[in-house]
Structures are given as structure tokens and as C-alpha cells.
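Only heavy atoms go into these numbers, but all of them, side chains included; no hydrogens, no water, no symmetry mates. Here the structure is a predicted model, which means the values were calculated and not measured.
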Amino acid sequence: MYKPIQITKDIFYIGVNDRTKHLFENLWPLPQGVSYNAYLIVDEKTALIDTVDLCYSDVYFQKITSVIGSKPVDYLIVNHMEPDHSGSIARLISKFPNIRIVGNKRTLEMLKGFYGIGGDNVLLIQDMEELSLGSCTLRFYLTPMVHWPETMMTYIPERKTLFSGDAFGTFGTLDGGVLDRQLVPERYRDEMIRYYSNIVGKFGSPVQTALKKLSDIEIDTICSTHGPVWTQKKYIEEVLNLYDRLSRYEAEPGLVIAYGSMYGHTEQLAEIIATSAAEQGLKKIVIHNVSKSHESDILRDVFAYRGLIIGSPTYNNKLYPAVESLISALQGRNLKNRFFGYFGSFSWSDATAKQLSAFAEASDFEVVAGPVVMKQAMLQDVAEKARNMGHAMAKRLLTVAEVVPGIVEN
Ligand code: FEO
């Protein structure tokens, strides 16, 4: 039924598209779906790279059959044990009882824990160990915490192909084409940043370690577990560069203003700050009402832009709950290297300034202007302070000439 999708003469794409699930990890919206990518290498020995979410295992098996018919599979390489990739392993063993499942020490612990698999079915490999399939060699690079502790990548030197696990992945299904040259890569730019910031964003330091480890290998093809297969030099350089910069928390000179507001007072301050920043010539400004924008979109923009201003009313003598949630998400991702400002409003007792100040200090942000705090309603001097904050932030951002290259500049 399925026609084999060839990447190189001996590497096939056997992944699937999920247009059913609303939330990835039951948390992150999937407006354009997601693909679970898996691959099959056909050599003297055959090897699968990862499986797919259990819900799609029938499609996965049909795609394997479309390439090798009724022949058995010799190896399954498990680059990542999260169930969106490992979910079909138990069924795979039923289908191919003699298959060897290849992983590192942490992988094998998880195989046992999740699926009760061990014994003769598993093959333990070490960092940088190689496994020959015939004309292709699989070399395993352990890359812990990109995104789980057992995460590894598999490289075929003869094909200069890297199976990178979640790294360089993106939300969004593969609608027809699978390789970058068969589709419009621009479609995936924002979703790659949202994927990184939501799923991998906490692990900037392990991503840097992995990138350094891979820095001396030649890469002609990147086969990630989500999104397009990268084969064109331009896009390979761009996704590598994007990961390098995002994992160092570098960002382009734009501004995110994220605010909570019950009755519109804090929102007034957000508007004044944004207008004043725009008057200074800053064009990349995004305002998020935290009660309406999904947190995953706010995280995407915060990772993309270097300027961050957060506003909150005082609520139960604390930050507004959705602002508190955002702060927690940013702290959980170790966000660094931001120009920062904060503002708030209160009716009888202010609690926001102190807490947002503590957040800035703990994150080592550069605070570009003093806090702007409104009591009950707008006064001229408060509006003036808000304008000054917008000016100061725009000026600071426009003095840095950094640009984060996305998959494609736009
Ligand atoms: Fe796509 Fe970390 O799993």
C-alpha cells in the first residue's frame, strides 16, 4: 500500500503523521499536528532507527513491509525512549522475535522498566562504539539530556547521515514531502523554535555539549524524530546554528511583553510600553495576554527575542496566577541573557514588584528600567514611567545587532 520513501540508496523513511492528538505530552498544542519519524536501513543487515507512537504502529509495520517485504529486521536502534518513539517496541518484538534492540546502559534500564524487555533481545553499546551493517557503519554518540538521560544519536559515516533524536525536530506533520527539498521549510520555522523552547529548552547546556561532540563530523543529512529530513546545506547549517544559539540563550533584538490583567489597568501599561518602544524604531514587538495566549507560544517568543517585559496585577498578595505559571516555566528552562523590565498594578497593597525583581535577580537579567507600578488607576507620572521603560528597552535592543537565523530568514 505504501510506496517506499528513499532518503539515500539504503536509508528509508518509515515515520508517521499524527493529526489526531490535540496536545503533545498532553501539554503542548499541535495546531499543525506532529510527525513521529523512524527510519530503516537496508544493508547486509537491516536496522530500524526508533519506532513510533503505539497508536500508529500498524502504519509503521506496513511501511517496513513496503521496503523489505517479509524479511526479518536484525536491529532496532533506540535513540530515545520517550514513548512517542519507543511506543511500538513491544509489538515490534512480537513481529520480529530475534531482533536485537540496541541502546546504552540508560536505554536498557528504561527498556526493562517500560516494557519488561531484556536478555537476549538487547545489545548494550558504549559511547562512540560502532556496529557494522555491511557497507554502512552505525556509530553511536551518547547525548544525555537532549532530551532524556538515555538520549543518543546515531551516525553513518559512509552516508554522512545523522539520526539526531529530538534534536533539530519540529512540530508539524509532513504533508506529502519528507525531505526539505520536497516541501516549504519556512512553514516549520516558528514551530521548530516552539518545539525547542517547550520540549528541549531546559537543556541548553547538554545541547551545547552534544553540538561540540558532533562538531568534527561531516553531515549531509539530518534525520530527526520530528519534522522534515534536512538534506540541503543551507538548511543543515541553519538548523545547527539555530540550536547553537537557542541553547546559548541568544536571541534576536525583539521584545515580548507578557502581562496578566483582570480589569484592563495592567494592560494599559503594556500598550503604553509597546507604543513607546515602537516609536524608537523597534519593529519586532509581541504582546501576550497570559490569560489568552497559550504558554507554549509565549515561551517560543521569549526564546526568539532578547527583550522581555512582564506585567502583573497583585492577586492574593502574590503575582497573578498565569504570570506566576509563566515565571515558573521560564525558570524551569533556565532562561538567561535577557534585557528585562517589569510592571504591575495593585488596589491596596503591591506584591508584584518585589517578586518580579527577585525573578530578574535570580535569572541574572539586565534590568533596563525601574519598575512601573500603578495604584488603582493610571496617573500621568506612571504613564510617563511606562513610556520611559519602552524607550529604554528599545534603545538597549537596537544597540545589539544580533540576529537569530531561523530555518529561513524572514
Ligand atoms: Fe519526541 Fe523526547 O520525544
Side-chain angles (χ1 to χ4, degrees), residues 190 193-194 196-198 201-202 204 245-261 266-267 269-278 280-313 319-320 322-345 352-373 385-404:
D190 284 354
I193 298 174
R194 192 167 69 94
Y196 178 87
S197 56
N198 286 248
K202 177 181 173 61
R245 296 186 64 106
L246 290 173
S247 60
R248 285 188 283 119
Y249 299 93
E250 292 193 0
E252 65 179 300
L255 171 60
V256 177
I257 302 174
Y259 72 92
S261 188
T266 317
E267 184 176 53
L269 289 171
E271 292 284 4
I272 292 171
I273 293 166
T275 304
S276 137
Q280 293 299 301
L282 188 68
K283 292 184 181 173
K284 293 183 173 175
I285 302 173
V286 183
I287 300 182
H288 284 291
N289 174 350
V290 296
S291 299
K292 183 164 181 248
S293 294
H294 195 275
E295 197 166 272
S296 73
D297 292 325
I298 307 176
L299 291 174
R300 174 201 60 215
D301 292 339
V302 169
F303 268 75
Y305 287 168
R306 186 148 183 205
L308 174 62
I309 298 181
I310 294 181
S312 173
L319 292 173
Y320 192 60
V323 174
E324 205 159 39
S325 167
L326 175 63
I327 300 279
S328 167
L330 295 173
Q331 286 179 321
R333 284 160 181 76
N334 303 318
L335 183 74
K336 295 189 250 298
N337 195 22
R338 290 295 178 277
F339 301 141
F340 189 66
Y342 55 98
F343 60 97
S345 69
T352 60
K354 195 171 155 197
Q355 292 187 41
L356 289 170
S357 168
F359 167 59
E361 197 172 328
S363 307
D364 203 21
F365 293 152
E366 178 182 325
V367 178
V368 299
V372 181
V373 182
K385 280 187 188 168
R387 269 190 285 278
N388 290 342
M389 178 180 283
H391 276 221
M393 179 60 86
K395 221 171 142 190
R396 191 69 188 93
L397 286 167
L398 292 170
T399 56
V400 293
E402 291 180 322
V403 173
V404 167

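Checked by atom type and distance alone, the side chain of Arg194 never pairs as donor or acceptor with a backbone atom of Ser296 at under 3.5 Å. Asp297 places no side-chain N or O within 3.5 Å of a backbone atom of Ser293 that could act as its donor or acceptor partner. Between the side chain of Ser328 and the backbone N or O of Glu324 there is no donor-acceptor pair closer than 3.5 Å.
In this structure, Phe365 and Phe340 have tilted ring planes: the angle between them lies in the 30° to 60° band. Ring geometry for Phe303 versus Tyr249: interplanar angle of 30 to 60°, hence tilted.
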TODO: Could you please spell out the steps behind the side-chain contact (heavy atoms from CB on, under 4.5 Å) verdict for Glu295 and Ser325?
DONE: CA-CA 9 Å; Glu295 197 166 272; Ser325 167; 2.7 Å; yes
Task: CA sep, side-chain torsions, deciding dist, call: Leu330, Ile310, side-chain contact (heavy atoms from CB on, under 4.5 Å) - done: CA-CA 12 Å; Leu330 295 173; Ile310 294 181; 4.2 Å; yes
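Side chains of Tyr259 and His288 form no contact here, defined as non-hydrogen atoms less than 4.5 Å apart. Side-chain contact between Tyr320 and Ser291 is present, with at least one heavy-atom pair separated by less than 4.5 Å. At a threshold of 4.5 Å between non-hydrogen side-chain atoms, the residues Ile257 and Val286 do not count as touching. With a 4.5 Å cut-off on side-chain heavy atoms, Ile287 and Glu271 count as touching.
Distance CG/Leu246 to CZ/Arg300: 12.5 Å, rounded to 0.5 Å.
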Considering only distance and modelled atom types, tabulate donor-acceptor pairs under 3.5 Å from the side chains of residues 390-397, sequence neighbours left out.
unit_1 : atom_1 : unit_2 : atom_2 : d
His391 : ND1    : Gln280 : NE2    : 3.3
Arg396 : NE     : Glu366 : OE2    : 2.5
Arg396 : NH1    : Thr399 : OG1    : 3.1
Arg396 : NH2    : Glu366 : OE1    : 3.3

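In plain terms, the two heavy atoms of Thr266 and Ser345 that are nearest each other are OG1-OG, 2.8 Å. Residues Val373 and Ala353 come closest through the heavy atom pair CG2-CB, 4.2 Å.
Among Arg306, Lys284, Lys283, the single residue meeting the salt bridge (charged side-chain N to carboxylate O under 4.0 Å, His left out) criterion with Glu252 is Lys284.
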